[in-house]
Amino acid sequence: MHIRIRRGWEIPESMATPESVFLDRRALLGGAVGLAAASLAGGPAQAALPGSGTGAVATADLYPAKRNEAYALDRPLTEERYSATYNNFYEYGTDKTVTPASNALKVQPWTIKVDGLVEKPFEIGFEDLVRKMPLEERLYRHRCVEAWSMAVPWTGFPLAALVALAKPSADAKYVQMQTFLDKAMAPGQRAFFYPWPYTEGLTLAEATNDLAFLATGVYGKPLLNQFGAPLRLAVPWKYGFKSVKSINRITFTAERPKTFWEALQAAEYGFWANVNPAVAHPRWSQATERVLGTDQRVPTLIYNGYGEQVAGLYKGLEKERLFA
Ligand code: MTE
């Protein structure tokens, strides 16, 4: 007998679950999910969404950071109650209700390893790193490959500042970023068919573009676990899967790194993954997106509306599969 288990990435979220059904289902499942999470985390599940997670890290005094008005939005911010309850974080489950399970993520202490083609590899504690960096708030759009979107106020620092701290050598062409690997802390990592740990990568030119941002907070406070605490990438001109969460290793390489989704399904999720409404996913259109917290669909924009800042990065690379 052939049993085919459909995996999370095989259907677009927009086709999978209309929000009303999703919300009803969440109300129904709330109790069961909460119980499961409590046993995983070894403690009681947080009752209220979105307030779970380990927001109260040692750097809480740094928030809210001053907003950089250069990064403005063309749409309203998504309310936290929507963005913090509808997350992709496969380490904690393949549906969007990862919040209770992600309580198991321990973000203190947290060390980030910087290695590969750099002047001198080093490890740095998260708190030390954040206190060295120029923290600011930026309002960014976020467009998931599943055709939903949100707009959130990230706090963090330019990835370029970390690149400068790392001092890559002249041979370094790419930056690879990795999520932690800990099956005890992240039950999703027990699923053997995924190429854990979650890995993403950018070219050095992309990583040093002004828009590439390492987020440490959102909505004026440290990141809640479900957003990828304590450190996650935000590259708003690319599909959301490029924005790797809970980073604990940053490696400079000469070769293009193989990414998590590329390793799983290269024909559908490539290295570049720049947003383009005219290039459909093999199984669904990318022309429009559903805005989280609303029942609106709006047109998707090339480079998610950030073309002016990033289109130049791709001159001479037109033969590459830039948009998938
Ligand atoms: N990073 C890790 N480690 N694991 C994940 O499952 N999902 C990605 C990205 N980063 C993911 C991840 C996807 S598909 C998206 S759309 C965004 O995180 C979702 O970010 P959000 O939950 O903050 O909206």
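This structure is a prediction, so every number in the text was calculated from the model and none was measured. Read the numbers this way: they start at 1 and go in the same order the structure lists the ligands and their atoms.
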I want to know if ligand 1 touches [X] in the polar sense, i.e. an N/O pair below 3.5 angstrom.
| X | result |
| --- | --- |
| Ser83 | no |
| Trp148 | no |
| Trp154 | no |
| Glu91 | yes |

Q: Output yes when Arg256 and Glu320 qualify as a salt bridge under the 4.0 Å nitrogen-oxygen rule, no when they do not.
A: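 A salt bridge is present here (some side-chain N lies under 4.0 Å from a carboxylate O).
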Q: Report the part of Glu146 (side chain from C-beta onward, or backbone N, CA, C, O) that has a heavy atom under 4.0 Å from ligand 1; answer both or neither where that applies.
A: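 None of Glu146 does.
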Q: Specify side chain, backbone, both or neither for Asn88, according to which of its non-hydrogen atoms lie closer than 4.0 Å to ligand 1.
A: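 Near ligand 1, Asn88 shows its backbone as well as its side chain.
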Does any non-hydrogen side-chain atom of [Y] lie less than 4.5 Å from one of [X]?
| X | Y | answer |
| --- | --- | --- |
| Tyr174 | Phe271 | yes |
| Tyr219 | Tyr63 | no |
| Phe126 | Thr111 | no |
| Val235 | Phe213 | no |
| Thr216 | Phe157 | yes |

Subset of ligand 1 atoms that lie under 4.0 Å from at least one heavy atom of [X]:
| X | result |
| --- | --- |
| Gly240 | 8 (C), 9 (C), 13 (C), 15 (C), 16 (S), 17 (C), 18 (O) |
| Thr179 | 3 (N) |
| Phe89 | 3 (N), 4 (N), 5 (C), 6 (O) |
| Cys144 | 16 (S) |

Q) To the nearest 0.1 Å, how far is atom 21 (P) of ligand 1 from its closest protein heavy atom, and which atom is that? A)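 Residue, atom and distance for the closest contact: Lys245 NZ, 3.4 Å.
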Q: Return the residue, atom name and 0.1 Å-rounded distance of the protein heavy atom closest to atom 6 (O) of ligand 1.
A: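 Minimum-distance protein heavy atom for atom 6 (O) of ligand 1 reads Tyr90 N, 2.7 Å.
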**Q.** Candidates Leu162, Ile247, Val244 - the one meeting side chain to side chain contact (heavy atoms under 4.5 Å, CB included) with Leu231
**A.**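 Answer to the side chain to side chain contact (heavy atoms under 4.5 Å, CB included) test with Leu231 among Leu162, Ile247, Val244: Ile247.
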(Q) For Gln226, run the side chain to side chain contact (heavy atoms under 4.5 Å, CB included) check against Asn87, Thr85, Leu105 and tell me which one passes. (A)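 Filter result, single survivor: Asn87.
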Q. Does a sphere of radius 6.0 Å around CD in Glu318 hold more than 12 heavy atoms from other residues, nucleotides or ligands, not counting ones at 6.0 Å or beyond?
A.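 Correct, the count exceeds 12.
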Contact check, [X] vs ligand 1, heavy-atom distance below 4.0 Å:
| X | result |
| --- | --- |
| Arg232 | yes |
| Tyr82 | no |
| Ser243 | yes |
| Met150 | yes |

Q | Selected option - heavy-atom contact closest to atom 12 (C) of ligand 1, from Tyr269, Tyr198, Tyr239 | A |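 The nearest heavy atom belongs to Tyr198.
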Q | Polar contact flag, side-chain donor to acceptor under 3.5 angstrom, Tyr198-Trp261 | A |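 Yes, Trp261 and Tyr198 have a side-chain donor paired with an acceptor closer than 3.5 Å.
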Q: Evaluate salt bridge (Lys or Arg N to Asp or Glu O under 4.0 Å) for Glu206 paired with Lys242, printing each intermediate quantity in order.
A: CA-CA 12 Å; Glu206 290 177 322; Lys242 296 291 293 182; over 6 Å; no
